[in-house]
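Presented below is the structure to which this report refers.
One-based numbering along the sequence shown. Counting starts at 1 for both ligands and their atoms, following the listed order.
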Amino acid sequence: MSGRLEVLLSASRIAERTEELAVQIGRDYADRKILVVSVLKGSFIFLADLVRKLRVPVQIDFLRVASYGAATESTGMVQFRMDVDAPVTGRHVLIVEDILDTGLTLDYLKRHLQSGQPASLRTCALLDKKGRRRVPFEADYVGFSIDDQFVVGYGLDFDECYRNLPDVCILHQG
Ligand code: IMP
Ligand code: MG
């Protein structure tokens with residue numbers, strides 16, 4: 001698909017908001033050590049920026065899921081591709097995701113990690129398309145609420161392209 005790109009959130013706006021989130025997270029966790037769990041692939045750039053702004057002790061792990069093929073609509077089925085390396089038991093886990101859409105991915109991941117009995121479990125999403133939920137889900141930390149438009153850049157892809165764009169852009173199809 002070829003499409004026209006329109007900047008929705010500039011790199012500088014994202015950086016400002018990420019700083020605010022980091023301050024809020026730092027305050028909430030005080031001097032507890034956080035296990036930040038990045039949901040690959042989409043969150044890799046947000047994760048890298050967020051953790052460098054955090055002033056609390058941080059450990060980082062990754063997991064990977066896929067719910068989209070080469071499409072802009074979720075298949076509605078979350079496929080687990082890779083789990084975290086180490087048990088989350090007794091740890092303060094913060095899941096970091098690029099975008100919260102139907103809610104299926106984070107709902108699934110929260111249940112999955114909860115079964116490992118962490119000391120606490122919260123979620124942080126850079127973007128939130130609130131109007132699209134298929135399961136009720138609220139993230140504890142949200143960067144921006146956005147309308148129901150397909151966005152790419154700053155880690156987010158369409159068919160594995162556009163992840164490297166510095167801004168979050170609307171992909172106009174056609
Ligand atoms: P959910 O399970 O429907 O909440 O979707 C979460 C996943 O869908 C995200 O991690 C993204 O990978 C993908 N996704 C949802 N909306 C978009 C979008 O607008 N652009 C790119 N990926 C998206
Ligand atoms: Mg994703």
Using a 4.0 Å cut-off to any heavy atom of [X], which atoms of ligand 1 qualify?
X: Asp157; answer: 21 (C)
X: Leu156; answer: 20 (N), 21 (C), 22 (N)
X: Asp98; answer: 9 (C), 10 (O), 11 (C), 12 (O)
X: Glu97; answer: 9 (C), 10 (O)
X: Lys129; answer: 16 (N), 17 (C), 18 (C), 19 (O)
X: Thr105; answer: 1 (P), 2 (O), 5 (O), 6 (C)

Summary of ring-ring contact (aromatic ring centres under 6.0 Å, His included) pairs that have at least one residue in residues 111-145, sequence neighbours excluded: Phe80-His112
Are any of the N/O atoms in Leu106 less than 3.5 Å from those in ligand 1?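 No; the residue has no nitrogen or oxygen that sits under 3.5 Å from a nitrogen or oxygen of the ligand.
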Considering both backbone and side-chain atoms of Gly103, is one of its nitrogen or oxygen atoms within less than 3.5 Å of a nitrogen or oxygen in ligand 1?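 Yes, at least one N or O pair falls under 3.5 Å.
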Any sub-3.5 Å donor-acceptor pair from Thr89's side-chain atoms to Gly116's backbone N or O? yes
Given the rule in the side-chain contact (heavy atoms from CB on, under 4.5 Å) test, do Tyr29 and Leu54 qualify, once you have shown the distances and angles that lead to the verdict? CA-CA 10 Å; Tyr29 284 83; Leu54 284 173; over 6 Å; no
Close approach, Gln149 and ligand 1, non-hydrogen under 4.0 angstrom: yes
For ligand 1, is there an atom lying under 4.0 Å from some heavy atom of Gly42? no
Who are the salt bridge (Lys or Arg N to Asp or Glu O under 4.0 Å) partners of Arg163, not counting sequence neighbours?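 Arg163 satisfies salt bridge (Lys or Arg N to Asp or Glu O under 4.0 Å) with Asp157, Glu160 once adjacent residues are dropped.
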Can you measure from CG (Leu165) to CG (Leu156) and round to the nearest 0.5 angstrom? 10.0 Å
Ion pair present between Arg52 and Glu19, side-chain N to carboxylate O less than 4.0 angstrom? no
For the pair Asp49 and Arg17, find out whether any cationic side-chain nitrogen is under 4.0 Å from an anionic carboxylate oxygen.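 Not counted as a salt bridge, because no side-chain N and carboxylate O are separated by less than 4.0 Å.
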